[in-house]
Amino acid sequence: MTSINALRKGTGTIRGRLLWLMAGAIVMALLSQQGASANVISLTVLTVGVALLGLPHGAFDHLTGARLIRYYLPDTPYPRALLGLFMLGYLLLSIMLLECWYHWSALALILFLVLSAAHFGTDWRGRQCLIHRLCWGVLVIGLPFVWRSDDVTDIVRALAVPDPSPFIEAARPLVALALSIVLVGVRREGTMFLLAIGLLLLGAITLNPLIYFVCYFCCFHSPLHLGAIRHEHGLTGRRQMLAVAAPVVLMTWVGAGAGYLWMSHDHVTGALIKTVFIGLACLTVPHMLVEWLGERIAHAPVKAAHD
Ligand SMILES: CC1=C(/C=C/C(C)=C/C=C/C(C)=C/C=C/C=C(C)/C=C/C=C(C)/C=C/C2=C(C)CCCC2(C)C)C(C)(C)CCC1
Ligand SMILES: [Fe+2]
């Protein structure tokens with residue numbers, strides 16, 4: 001198959017369509033001058049985008065929790081109580097991580113970045129080998145650290161990490177390594193993957209990091225996972241999805257609101273950046289854990305009771 005044909009076929013898939021969406025978002029952001037440093041508009045787009053389009057993909061984690069309970073404890077007479085415990089555990093783990101950020105912010109940021117790279121790597125699960133998936137994750141996060149280091153320095157300082165320079169310095173060799181690995185395997189990876197990396201590079205170089213993150217997170221990562229969740233849990237209609245996710249999203253908004261008030265002694269910009277990124281960091285660990293456990297049992301048949 002010629003590479004043009006392969007590309008045509010690739011762009012018809014869900015990832016292909018989402019890449020078009022991301023490309024459209026990057027172009028729109030450039031036309032509305034979001035290339036310059038972050039401002040009120042970028043911060044508003046980040047907050048609204050994450051709250052409305054990003055958060056919901058984690059708001060189905062309790063469905064995976066219910067599936068885990070059915071799989072590991074098929075005979076339990078208390079499935080609802082166990083689901084309640086699962087949700088409480090999820091919440092407590094997030095609060096524990098918030099506490100860690102408060103005491104050891106630099107360490108917490110390292111953990112967040114490493115886990116995020118691994119998590120974003122799952123966007124190519126089933127399409128790319130592990131090493132290429134990890135390179136994708138490193139590029140998603142590392143590119144703005146290399147090309148927009150001044151903007152990233154300000155954001156990282158706002159996240160209560162006083163010295164961002166080690167992060168900026170570490171990003172250069174990591175990004176160079178990830179790009180080399182991807183380029184060396186250029187023939188095997190497929191045209192769509194390379195196109196996606198080109199798009200990341202374009203976004204990271206031309207846009208401010210907040211808008212770049214929205215373009216990737218809200219136009220690619222979150223809808224891709226929502227599609228997978230829909231398929232996995234057999235949720236057919238939008239209404240059904242809304243009914244499942246809305247209460248959890250509302251609870252998360254309340255939590256984020258409380259976090260914002262707690263940090264509002266800070267300047268508004270700082271408090272919002274903290275709420276969004278530290279909030280996402282706290283949700284990342286339980287979200288990844290649930291996704292990983294869910295993936296382990298996804299293809300296994302549900303154990304019959306009394307087997
Ligand atoms: C179920 C449940 C819940 C909910 C949950 C949710 C809703 C989740 C979500 C989740 C999610 C939603 C997740 C996410 C994730 C994200 C991430 C992972 C991100 C990352 C990012 C980053 C890493 C960044 C970076 C940076 C910086 C830092 C600077 C500048 C540049 C950039 C941007 C690159 C609750 C709690 C209510 C309760 C219980 C149960
Ligand atoms: Fe995710």
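Numbering of ligands and ligand atoms starts at 1, following listing order. Excluded from the calculations below are hydrogen atoms, water molecules and symmetry mates; all remaining heavy atoms, backbone and side chain alike, are included.
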The expected count of protein N/O/S atoms at less than 2.8 Å from the Fe ion (ligand 2) is 4

query: Going by the angle between their ring planes, with limits at 30° and 60°, are F120 and F213 parallel, tilted or perpendicular?
result: tilted

The remaining residues in the hydrophobic cluster of L174, counting side-chain heavy-atom contacts under 4.5 Å among Ile, Leu, Val, Met, Phe, Trp and Tyr, are V138

If you compare T153, I141, T252 by their heavy atoms, the one closest to atom 7 (C) of ligand 1 turns out to be T252

closest protein heavy atom to atom 23 (C) of ligand 1 is S116 OG, 3.4 Å

Only residue of L200, L201, L134, V146 satisfying side chain to side chain contact (heavy atoms under 4.5 Å, CB included) with L139 is L200

heavy-atom search around atom 10 (C) of ligand 1 in the protein gives L283 CB, 3.7 Å

Within less than 4.0 angstrom of ligand 1, does F120 place any heavy atom? yes

One finds that the ligand 1 atoms under 4.0 Å from a non-hydrogen atom of L113 are 23 (C)

the protein heavy atom lying closest to atom 13 (C) of ligand 1 turns out to be H287 CD2, 3.7 Å

Atom 39 (C) of ligand 1: closest protein heavy atom, distance to 0.1 Å, is M87 O, 3.4 Å

Ranked by distance from atom 26 (C) of ligand 1, the top protein heavy atom is F145 CE1, 4.3 Å

the protein heavy atom lying closest to atom 28 (C) of ligand 1 turns out to be L159 CD1, 4.1 Å

With heavy atoms and a 4.0 Å threshold, my read on which part of L88 contacts ligand 1 is neither

Give the ring-plane orientation class for W136 versus W124, where under 30° counts as parallel, over 60° as perpendicular and anything between as tilted.
perpendicular

Residues H57, H287; criterion side chain to side chain contact (heavy atoms under 4.5 Å, CB included); working and verdict
CA-CA 10 Å; H57 89 280; H287 174 62; 3.1 Å; yes

Min over W253, Y90, F217, F167 of heavy-atom distance to atom 40 (C) of ligand 1 lands on Y90

For Q240 and T236: C-alpha separation, side-chain torsions, deciding distance, then whether side-chain hydrogen bond (donor to acceptor under 3.5 Å, both in side chains) applies.
CA-CA 7 Å; Q240 203 184 359; T236 42; 3.2 Å; yes

Quick one: does T122's side chain have a donor or acceptor within less than 3.5 Å of a partner on H119's backbone? yes

ask   = Strictly by modelled atom types, are Y212 and D151 linked by a side-chain donor-acceptor pair under 3.5 Å?
value = no

* Has the side chain of R133 got a donor or acceptor atom that lies under 3.5 Å from a matching backbone atom of Q128? -> yes

| N39 and S42 side chains, donor-acceptor separation under 3.5 Å | yes

Quiz prompt | Electrostatic pair R125-E291, nearest N-O below 4.0 angstrom | solution = yes

For T284, the ligand 1 atoms with a heavy-atom partner under 4.0 Å come out as 15 (C), 16 (C), 17 (C), 18 (C)

Nearest non-hydrogen protein atom to atom 3 (C) of ligand 1, with distance, is V248 CG1, 3.6 Å

Tell me whether atom 32 (C) of ligand 1 lies less than 4.0 Å from at least one protein heavy-atom position. no

For I155, the ligand 1 atoms with a heavy-atom partner under 4.0 Å come out as 29 (C), 30 (C)

Would V156 and I168 satisfy side chain to side chain contact (heavy atoms under 4.5 Å, CB included), going step by step from the backbone distance to the final call? CA-CA 10 Å; V156 171; I168 308 282; over 6 Å; no

The protein heavy atom nearest to atom 24 (C) of ligand 1 is F277 CE2, 3.8 Å

Taking every heavy atom of I26 against every heavy atom of L199, the minimum-distance pair comes out as CD1-O, 3.6 Å

Any donor and acceptor pair, going by atom type alone, linking the side chain of H221 with main-chain N or O of C218 inside 3.5 Å? no

So for F112 against ligand 1, with non-hydrogen atoms under 4.0 Å, the contacting part is side chain

